[in-house]
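Here is the structure we will look at.
Start at 1 and go down the list; that is how both ligands and their atoms are numbered.
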Amino acid sequence: MRKNIVAGNWKMNKNLQEGVTFAKELEAALAGKTLKCDVIIGTPFIHLASVASSTKLGVAAQNCADKASGAYTGEVSAAMVASTGAKYVILGHSERRTYYGETDAILKEKTLLALANGLSPIFCIGETKEEREKNVHFDVVKKQTVDALFGLSAEDFSKIVIAYEPVWAIGTGLTATSAQAQEMHAFIRKTIADKYGKEVADNTSILYGGSANGGNAKELFGCPDIDGGLIGGASLDVEKFIPVIEGF
Ligand code: PGA
């Protein structure tokens, strides 16, 4: 079912103690409020079990391996992520694609393993500045979606959350305008409808990410095809994250 979601992505920030303290503080701060969205925090692997066992917040890993198990030193499998109590995994973030060479083919494997282990992928797609300037941003986003996800059955696809994150907006302070974001979200929803039908498309949560914060969340989340946000910088402080959550 389509849900409103605000998901934090801590990236490589916070040690274990800081992460657990943050999660408890956030949960306490949200306790008296009526929330209009699900709240998820995307933590480094080492925080997952502690945060999942000490709060009721949704918890996401930021990655998982493209292999099920075995001799892959340093990797963390989808089964291991699921065993911590985390229910989500962020896949295909542009930083993973750019710095760690993750291709659509690798992300397809990761997605299958995440789903096989009961995790919901928060699957990131988005164009670079250069691609937008060349006016190929729709083609890029469509190709990322088709190549990594459109081999899935409709049932499996319905467990995916999409995060549209224009690379030029991530960590730059250059948020996409709500018109730019809505235009792309509507395009993504149509792309999904063309493949899986209107019902699946209407039930898919599509989040926006890229310099979203307490100042712009309300306008972004007010767009008909924007179902929430994947939040980096503004998810690192409880006082900055809450106004984003309250954008709904
Ligand atoms: P940002 O990051 O909010 O700091 O731009 C978003 C993301 O990378 O998911």
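In terms of polar-atom proximity, Gly171 is counted as a contact of ligand 1, with an N or O under 3.5 Å from an N or O of the ligand. Residue Ile231 has no N or O atom closer than 3.5 Å to an N or O atom of ligand 1. At a 3.5 angstrom cut-off on N or O pairs, His93 counts as close to ligand 1. Every N/O-N/O distance between Thr172 and ligand 1 stays at or above 3.5 Å.
Scanning all protein heavy atoms for the shortest distance to atom 7 (C) of ligand 1 gives Glu165 OE2, 3.1 Å. What sits closest to atom 3 (O) of ligand 1 on the protein, heavy atoms only, is Gly232 N, 2.8 Å.
Proximity of the aromatic rings of Tyr196 and Phe150 is defined here by a centroid distance below 6.0 angstrom, and this criterion is met.
At a heavy-atom cutoff of 4.0 Å, ligand 1 is contacted by no atom of Ser94, backbone or side chain.
Just one residue in the list Leu107, Val161, Leu115 forms a side chain to side chain contact (heavy atoms under 4.5 Å, CB included) with Pro121, and that residue is Leu115. The side-chain hydrogen bond (donor to acceptor under 3.5 Å, both in side chains) test with Asp227 singles out one residue from Arg189, His185, Lys3, and that residue is Arg189. Looking at Ile242, Ile245, Ile41 one by one, the single match for side chain to side chain contact (heavy atoms under 4.5 Å, CB included) with Val6 turns out to be Ile245. The only option from His93, Glu75, Lys110, Glu95 that meets the side-chain hydrogen bond (donor to acceptor under 3.5 Å, both in side chains) definition with Asn63 turns out to be Lys110. Each of Leu149, Ile122, Thr191, Val141 was scored for a side chain to side chain contact (heavy atoms under 4.5 Å, CB included) with Ile162, with one residue passing: Leu149.
Defined by atom type and a distance below 3.5 Å, a donor-acceptor pair is missing between the side-chain atoms of Glu27 and Thr55. A side-chain N or O of Glu127 and one of Trp168 form a donor-acceptor pair less than 3.5 Å apart.
The residue among Gly126, Gly233, Gly42, Pro166 with a heavy atom at the shortest distance from atom 4 (O) of ligand 1 is Gly233.
Contact atoms of ligand 1 toward Gly210: 5 (O) (distance under 4.0 Å to a heavy atom of the residue). Residue Lys11 approaches ligand 1 through these ligand atoms, each under 4.0 Å from one of its heavy atoms: 2 (O), 7 (C), 8 (O). When each atom of ligand 1 is checked for a heavy atom of Asn9 under 4.0 Å away, the hits are 9 (O). Distances below 4.0 Å separate heavy atoms of Ala169 from the following atoms of ligand 1: 5 (O).
Under the 4.5 Å side-chain contact rule for hydrophobic residues, Trp10 and Leu230 do not share a cluster.
Ser211 counts as a contact of ligand 1, since one of its heavy atoms falls under 4.0 Å from the ligand.
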